[in-house]
Amino acid sequence: ILLDPETLYDLLFKHQIECAEFVPVVLRNLIHSFKNTSKNLAFMKVLICASDKWYGEDFTDFKHYCNAETQLINSYGLTEATIDSTYFCEQDVSFSPDQVIPIGKPFANTTCFILDRYMNPVPIGIPGELYIGGDGLARGYINQPRLTAEKYISHPFSKQPGARLYKTGDRARYSADGTIEFLGRVDLQLIIGALIIEPHQLQ
């Protein structure tokens with residue numbers, strides 16, 4: 001029922017769901033169905049939007065249909081790092097309509113590094129590739145040792161034996177306050193809705 005906004009809303013409202021996580025296309029579709037109605041999400045305490053980019057226009061729309069205490073969170077992560085690695089949860093901010101919502105800062109058991117092609121940390125404001133470390137990393141890809149070795153690399157900044165970083169393939173940069181901004185892919189991977197397409201797999 002995720003792409004059936006009326007049915008989805010009825011479910012949320014009937015059970016007074018206080019916390020939910022949606023991909024942007026689902027939440028955007030749900031919010032747009034509220035136009036010219038009295039429907040809202042004021043009963044929700046935590047509303048998480050994750051798995052794809054969303055924008056300042058969405059942030060304004062989503063906040064409009066929540067209450068002042070609802071925490072609107074942008075969560076970022078990958079399956080290879082057990083889904084969620086960073087989050088953005090600032091409420092009293094404003095964005096231009098086409099501005100991509102930041103992916104924030106890492107969770108307490110997670111580390112993030114933005115590195116250049118030589119594996120050096122990049123300065124604030126300079127794009128690089130995002131690497132993830134910490135307790136959430138998966139062991140690797142089942143029956144794919146070559147891909148595991150390519151994506152899960154030895155941690156160059158850790159003295160802990162066996163520490164690794166996951167090479168996300170995502171471009172990012174730090175803002176002045178240390179918040180991470182997602183900029184897109186360093187390769188040809190496509191995200192359509194919640195589907196991830198690797199072009200090399202189609203060959």
Side-chain angles (χ1 to χ4, degrees), residues 21-25 27-28 46-64 71-137 150-160 163-194 196-199:
E21 179 171 347
F22 301 109
V23 297
V25 66
L27 188 52
R28 195 178 292 123
V46 179
L47 181 58
I48 306 167
C49 192
S51 299
D52 200 357
K53 290 187 294 187
W54 49 292
Y55 301 87
E57 181 179 12
D58 299 315
F59 185 87
T60 301
D61 284 348
F62 299 165
K63 290 289 291 182
H64 176 74
Q71 294 187 61
L72 179 57
I73 298 172
N74 184 24
S75 181
Y76 164 87
L78 308 100
T79 301
E80 293 88 345
T82 56
I83 305 301
D84 290 330
S85 297
T86 73
Y87 69 102
F88 178 82
C89 191
E90 300 295 330
Q91 306 302 310
D92 297 324
V93 293
S94 59
F95 300 101
S96 61
D98 59 349
Q99 184 177 351
V100 177
I101 303 303
I103 59 175
K105 298 180 179 180
F107 288 103
N109 64 346
T110 303
T111 55
C112 290
F113 298 88
I114 303 176
L115 308 176
D116 63 19
R117 68 177 66 185
Y118 305 107
M119 300 298 292
N120 296 314
V122 299
I124 290 173
I126 302 300
E129 183 171 357
L130 180 61
Y131 290 74
I132 297 174
D135 297 337
L137 292 191
E150 175 188 340
K151 294 291 188 178
Y152 291 88
I153 66 171
S154 178
H155 196 320
F157 311 113
S158 176
K159 296 181 180 179
Q160 181 179 348
R164 302 175 303 155
L165 291 179
Y166 178 70
K167 181 181 172 69
T168 68
D170 287 335
R171 293 177 68 247
R173 67 185 175 194
Y174 289 112
S175 62
D177 64 356
T179 298
I180 299 172
E181 300 176 355
F182 176 81
L183 301 175
R185 294 290 298 175
V186 300
D187 56 21
L188 298 178
Q189 184 190 85
L190 302 174
I191 298 178
I192 302 175
I196 297 177
I197 300 173
E198 301 276 3

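Atoms considered below: every heavy atom in the structure, side chains included; atoms not considered: hydrogens, waters and symmetry mates. Predicted, not measured: the structure shown is a model, and the values here were computed from it. Sequential numbering from 1 along the given sequence is applied to the chain's residues.
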- Considering residues at least two apart in sequence or located in another chain, which fulfil the ring pair (Phe, Tyr, Trp, His ring centres under 6.0 Å) criterion with Phe62? Trp54
- Message: Apply side chain to side chain contact (heavy atoms under 4.5 Å, CB included) to residues Ile132 and Thr168 and explain how you reach the verdict.
- Response: CA-CA 7 Å; Ile132 297 174; Thr168 68; 3.8 Å; yes
- Item | Arg164: partners by salt bridge (charged side-chain N to carboxylate O under 4.0 Å, His left out), with sequence neighbours left out | none
- Residues which pass salt bridge (charged side-chain N to carboxylate O under 4.0 Å, His left out) with Lys167, listed by chain and number, not counting sequence neighbours: Glu129
- Task: Decide yes or no for Leu27 and Leu47: does some side-chain heavy atom of the first lie under 4.5 Å from some side-chain heavy atom of the second?
- Result: yes
Looking only at heavy atoms, what is the nearest atom pair of [X] and [Y], with distance?
X	Y	value
Leu130	Cys112	CD1-CB, 4.0 Å
Ile180	Ala172	CG2-CB, 3.8 Å
Pro127	Arg171	CB-NH2, 3.4 Å
Glu181	Ser175	OE2-CB, 3.5 Å
Gly136	Thr82	O-OG1, 3.0 Å

- Would you check, one step at a time, whether the test ring pair (Phe, Tyr, Trp, His ring centres under 6.0 Å) holds for Phe107 with Tyr87? CA-CA 7 Å; Phe107 288 103; Tyr87 69 102; 4.8 Å; yes
- Query: Tyr152 vs Tyr166 aromatic rings, parallel, tilted or perpendicular, using cut-offs 30° and 60°?
  - Reply: tilted
- What do you reckon, is CD of Glu57 surrounded by more than 12 foreign heavy atoms closer than 6.0 Å? no
